[in-house]
**Student:** 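Quick one: structure below, then a few questions.
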Amino acid sequence: MSVQKPSIPKGTRDFGPAVVARRNYIFGVIRRVFEKFGYAPLETPTMENLSVLTGKYGDEGDQLLFKILNSGDFAKDVTPEDLASGSKKILPKVAEKGLRYDLTVPFARYVVMNRGTLTFPFKRYQIQPVWRADRPQRGRYREFYQCDADVVGTDSLLCEAEIVLMMSEVLNTLGLTEHTIKINHRRVLGAFYQALGSEGTETDLFVAIDKLDKIGQEGVTTELLERGFSAGAINTLFQLLTVEGGFAEKLERLQVAFTQAGVPTEADDQYKGLQELRQVQELLQGFGFTQFQHLEFDPTLARGLSYYTGCIFEIKINNVNMGSVSGGGRYDNLTGSFGLPGVSGVGFSFGVDRLYDCLDELNLFPEGAAAITRCLVANFDADSMTQMLPVLRQLREANVPSELYPESTKLAKQFKYADAKGIPYVLLQGSEERAANQFKLKDLRTGQEQQLSLAELIPLLTSQNQ
RNA sequence: GUAGAUAUAGCUCAGCUGGUUAGAGCGUCGGAUUGUGAUUCCGAAGGUCGUGGGUUCGAGCCCCAUUAUUUACCCCA
């Protein structure tokens, strides 16, 4: 009999008690903010039909879907001809379900299936894991949690403004004050494309622009030249991209630049992008938003997902080397592929796993976030164990998370246990204390001990500020 | 999918141009007059050096293969 070393699949993780406690802290902050803005929770199945998932994330996204082998004899419909013509032909016959890739598409599917019963505008949040068959690396996992908040059924830019407010509140509550909320508009990108004379393809241009901060002007230039853009067009592009100034100034200057470059106003009204960004800014001002130094209009922000049509968002934590911790945008026609056209939606998502890594690196988890038990009751001997049972019950009735050490061993061992678990208090009643009908309470953080009666004890342990 | 790096104790890592019996710190367990943790001192357990071949008198070290992990690219949270 061979003993095999246990392992877990690539890109997945176990979360130990301390990690779960800290993750729950992040989830709690996000959930409270979402609910404060009127978003209601939704959960959807881990599995979706592949017909729902495929084709929504582009070819690369389809590659990254985890597929679920059909139950039973999954290969019963596969013919020798299928095998000869390759995996693409076989796939629909052996797998009809897959793990969800994000939360937005299942949400769109849910909205379409329940359109008769939902009240619009429909605001929902969703905190669940998603799976991608990516190559794992720093800040990138195959199983990770997303925290989405989306509204469908309204075009109002109030939603965009409130997304900025929610992003800002979550980040500030978590202590991630060194952040930048980047915002752009798909129409602004479209205007760039027109300003360049509609050379090459739109997506090639967007993908290249998005990399500007990573590979620099030279890198983008070579990439665009390879994709068939002319040197003149690239030159125009960088003149447009390098507009300076604050939020409002950049909007003004781009407007002028677009007009000079001859971007037509009538066809698809490309100036609407700039107008909408301006309106979002005005709504935020009206609300009394004070964090404009963290809100940046970044004309280079493109984002990969092809379904965005309006404002797009992304959050960068400036003092940590980490990919974006949040992203989102407006999509005018997400439900269209499910047979419900013309429903506009806007939403965004936090990546909890990356937020965790940021908080961890910056040491921003609050003290005691990992500790569950508040008071360890020491166990001297069998007799004292019996004596302490009613005390334990009273502590728990007072909602003090507490535990009695289950064995009568040396106190040193029991203290070590409390210390390792981060338990702040140890309660002792040996023969001396029992004779006086008192307890000894030791605060492990300060090392101080005090003699107390049970009546004095409980208020001390229930007080919040200790 | 492309390119690189790494693999030695539970964890983090040393290990000299290839040379006797494999090293540390942390952790675990035990002890330092039997009622006190994190700080001190002493001791113990714990390793087929990822796996399989090869070169050599001799391999943790060199070569090949394989698997796993990891970083960057693509893409993305």
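Worth knowing before you read on, the calculation uses all heavy atoms, side chains too, and leaves out hydrogens, waters and symmetry mates. Naming: A, B, ... by sequence-line order, numbering from 1 per chain. Predicted model, so just to flag it, every value in this text is computed and none were measured.
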**Student:** Can you tell me if A:Asn318 and A:Thr180 form a side-chain donor-acceptor pair at under 3.5 Å?
**Tutor:**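 Checked: A:Asn318/A:Thr180 side chains pair up, N/O donor to acceptor below 3.5 Å.
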**Student:** Is A:Ser324 touching bases, backbone alone, or none of the nucleic acid, heavy atoms closer than 4.0 Å?
**Tutor:**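 It contacts sugar-phosphate atoms only.
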**Student:** The criterion is side chain to side chain donor-acceptor pair (under 3.5 Å); which residues satisfy it with A:Arg227, sequence neighbours excluded?
**Tutor:**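 Checked A:Arg227 against side chain to side chain donor-acceptor pair (under 3.5 Å); zero matches.
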**Student:** Could you pick out which residue, A:Glu314 or A:Arg135, lies toward the 5' side of RNA chain B when each is mapped onto its nearest nucleotide?
**Tutor:**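 Result: A:Arg135.
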**Student:** Checking base pairs now: Watson-Crick or wobble, both atom distances under 3.5 Å. What partners B:rC74?
**Tutor:**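 Checking every strand shown, B:rC74 finds no partner, since no pair has both distances under 3.5 Å.
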**Student:** Strictly under 4.0 angstrom, non-hydrogen atoms only: write out the protein contact profile of nucleotides 32-37 of chain B, one letter per nucleotide from the 5' end, B, S or -.
**Tutor:** ---BBB
**Student:** Rounded to the nearest Å, what distance is computed from the CG atom of residue A:Asp134 to the P atom of nucleotide B:rU70?
**Tutor:** 13 Å
**Student:** Could you measure between the two C1' atoms, the one in B:rU8 and the one in B:rA68, and give it in whole Å?
**Tutor:**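 Looking at atom C1' only, B:rU8 and B:rA68 are 16 Å apart.
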**Student:** When all nucleic acid strands are considered with a 4.0 Å heavy-atom cut-off, which category describes A:Arg138: base, sugar-phosphate, or nothing?
**Tutor:**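 Sugar-phosphate contact only - A:Arg138 comes under 4.0 Å of backbone atoms but never of a base.
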**Student:** Taking the same atom, C1', in B:rG4 and in B:rA44, what whole-Å distance lies between them?
**Tutor:** 43 Å
**Student:** Take atom CZ of A:Arg100 and atom C1' of B:rA77, then tell me their distance rounded to the nearest Å.
**Tutor:**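 So the CZ-C1' distance, A:Arg100 to B:rA77, works out to 15 Å.
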**Student:** With a non-hydrogen cut-off below 4.0 angstrom, is A:Gln137 in contact with a base, only sugar-phosphate, or nothing?
**Tutor:**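 Base: the residue A:Gln137, judged by heavy atoms under 4.0 Å, touches a nucleobase.
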**Student:** With a 3.5 Å cut-off and no angle check, do the side chains of A:Arg135 and A:Gln137 form a donor-acceptor pair?
**Tutor:**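 Looking only at side-chain atoms, A:Gln137 and A:Arg135 do not form any donor-acceptor pair under 3.5 Å.
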**Student:** Could you state the CD-C1' distance from A:Glu226 to B:rC74, rounded to the nearest angstrom?
**Tutor:** 14 Å
**Student:** Could you tell me the separation between the CG atom of A:Asp210 and the P atom of B:rC74, rounded to a whole number of Å?
**Tutor:**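 To the nearest whole Å, that distance equals 10 Å.
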**Student:** Say you pick atom P in B:rU34 and the same atom in B:rA38; how far apart are they, in whole Å?
**Tutor:** 16 Å
**Student:** For A:Lys10 versus A:Pro136, what's the shortest heavy-atom pair and its separation?
**Tutor:** CG-CG, 3.6 Å
**Student:** For B:rU34, give the paired nucleotide (Watson-Crick: N1-N3 plus N6-O4 or O6-N4; G-U: N1-O2 and O6-N3; both under 3.5 Å), or none.
**Tutor:**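 Pairing partner, where one exists within any strand: none, as none qualifies.
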**Student:** What integer number of Å spans the C1' atoms of B:rA45 and B:rU28?
**Tutor:**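 The answer is 9 Å between these two C1' atoms.
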**Student:** Hunt down the Watson-Crick or G-U wobble partner of B:rC29, both distances under 3.5 Å, from any strand shown, or write none.
**Tutor:**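 For B:rC29, the partner nucleotide comes out as B:rG43, under the 3.5 Å rule.
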**Student:** For the residue pair A:Phe348 and A:Phe34, does the interplanar ring angle fall in the parallel (under 30°), tilted (30 to 60°) or perpendicular (over 60°) class?
**Tutor:** perpendicular
**Student:** I'd like to know if the side chain of A:Asn172 pairs up with that of A:Gln291 as donor and acceptor (distance under 3.5 Å, no hydrogens or angles considered).
**Tutor:**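 A donor-acceptor contact under 3.5 Å links the two side chains.
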**Student:** Pick the closest RNA chain B nucleotide for A:Arg142 and for A:Pro136 by heavy atoms, then say which residue is nearer the 5' end.
**Tutor:**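 Its nearest nucleotide lies further toward 5', so the answer is A:Pro136.
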**Student:** What's the gap between B:rG60 and B:rG50 when it is taken at their C1' atoms, as a whole Å value?
**Tutor:** 12 Å
**Student:** Rounding to an integer number of angstrom, what distance separates B:rU12 and B:rU70 when you compare their P atoms?
**Tutor:**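 To the nearest whole Å, 12 Å.
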**Student:** Below 4.0 angstrom from OP1 or OP2 of B:rC73, is there any side-chain N or O of A:Lys211?
**Tutor:** no
**Student:** Look at all strands and tell whether A:Tyr141 reaches a base, only sugar-phosphate, or nothing, counting heavy atoms closer than 4.0 Å.
**Tutor:** base
**Student:** Does the A:Arg142 side chain pair with the main chain of A:Asp134, one donor and one acceptor, at a distance under 3.5 Å?
**Tutor:** yes
**Student:** Across the strands shown, which category fits A:Val207 at heavy-atom distances under 4.0 angstrom: base, sugar-phosphate, nothing?
**Tutor:**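 Sugar-phosphate contact only - A:Val207 comes under 4.0 Å of backbone atoms but never of a base.
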**Student:** Do the side-chain N and O atoms of A:Lys421 and A:Tyr417 include a donor-acceptor pair separated by under 3.5 angstrom?
**Tutor:**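 Yes, side-chain donor-acceptor contact under 3.5 Å.
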**Student:** Between the base of B:rC75 and the side chain of A:Arg140, is there a donor and acceptor pair under 3.5 angstrom?
**Tutor:**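 Between B:rC75 and A:Arg140, which were checked side chain against base, a qualifying N/O pair under 3.5 Å is present.
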**Student:** Could you tell me whether the side-chain ring of A:Phe144 sits stacked on the base of B:rA77, using a centroid cut-off under 5.5 Å and a plane angle under 30°?
**Tutor:** yes
**Student:** Any strand counts, and the cut-off is 3.5 Å on both contacts for Watson-Crick or G-U wobble. Which nucleotide pairs with B:rA5?
**Tutor:** B:rU69
**Student:** With a 3.5 angstrom cut-off on both distances, give the Watson-Crick or G-U wobble partner of B:rG58, or none if there isn't one.
**Tutor:**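 Pair assignment: B:rG58 / none.
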**Student:** A:Glu223 CD to B:rC74 C1': how many Å, rounded?
**Tutor:** 10 Å
**Student:** Taking only the C1' atom of each, what is the distance from B:rG30 to B:rG15 in whole angstrom?
**Tutor:** 30 Å
**Student:** Verify the neighbour count for atom CD of A:Glu43: are there more than 12 heavy atoms of other residues, nucleotides or ligands below 6.0 Å?
**Tutor:** no
**Student:** Rounded off to whole Å, could you give me the CD-to-C1' distance for the A:Glu143 and B:rC76 pair?
**Tutor:**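 Taking atom C1' of B:rC76 as the reference, CD of A:Glu143 is at 17 Å.
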**Student:** Say whether, by atom type as modelled, one donor and one acceptor occur between the side chain of A:Asp353 and the main chain of A:Tyr145 under 3.5 angstrom.
**Tutor:** yes
**Student:** Tell me if the side-chain of A:Arg354 makes a donor-acceptor pair with the base of B:rC76, cut-off 3.5 Å, by modelled atom types.
**Tutor:**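 Side chain to base: pair present.
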**Student:** With rounding to whole Å, what would you report as the distance between B:rG46 and B:rG54 at their C1' atoms?
**Tutor:**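 It works out to 32 Å between them.
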**Student:** What integer distance in Å separates A:Asp14:CG from B:rC11:P?
**Tutor:**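 In whole Å, B:rC11 P and A:Asp14 CG are 14 Å from each other.
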**Student:** Round to a whole Å and report the spacing from CG of A:Asp148 to C1' of B:rA77.
**Tutor:** 10 Å
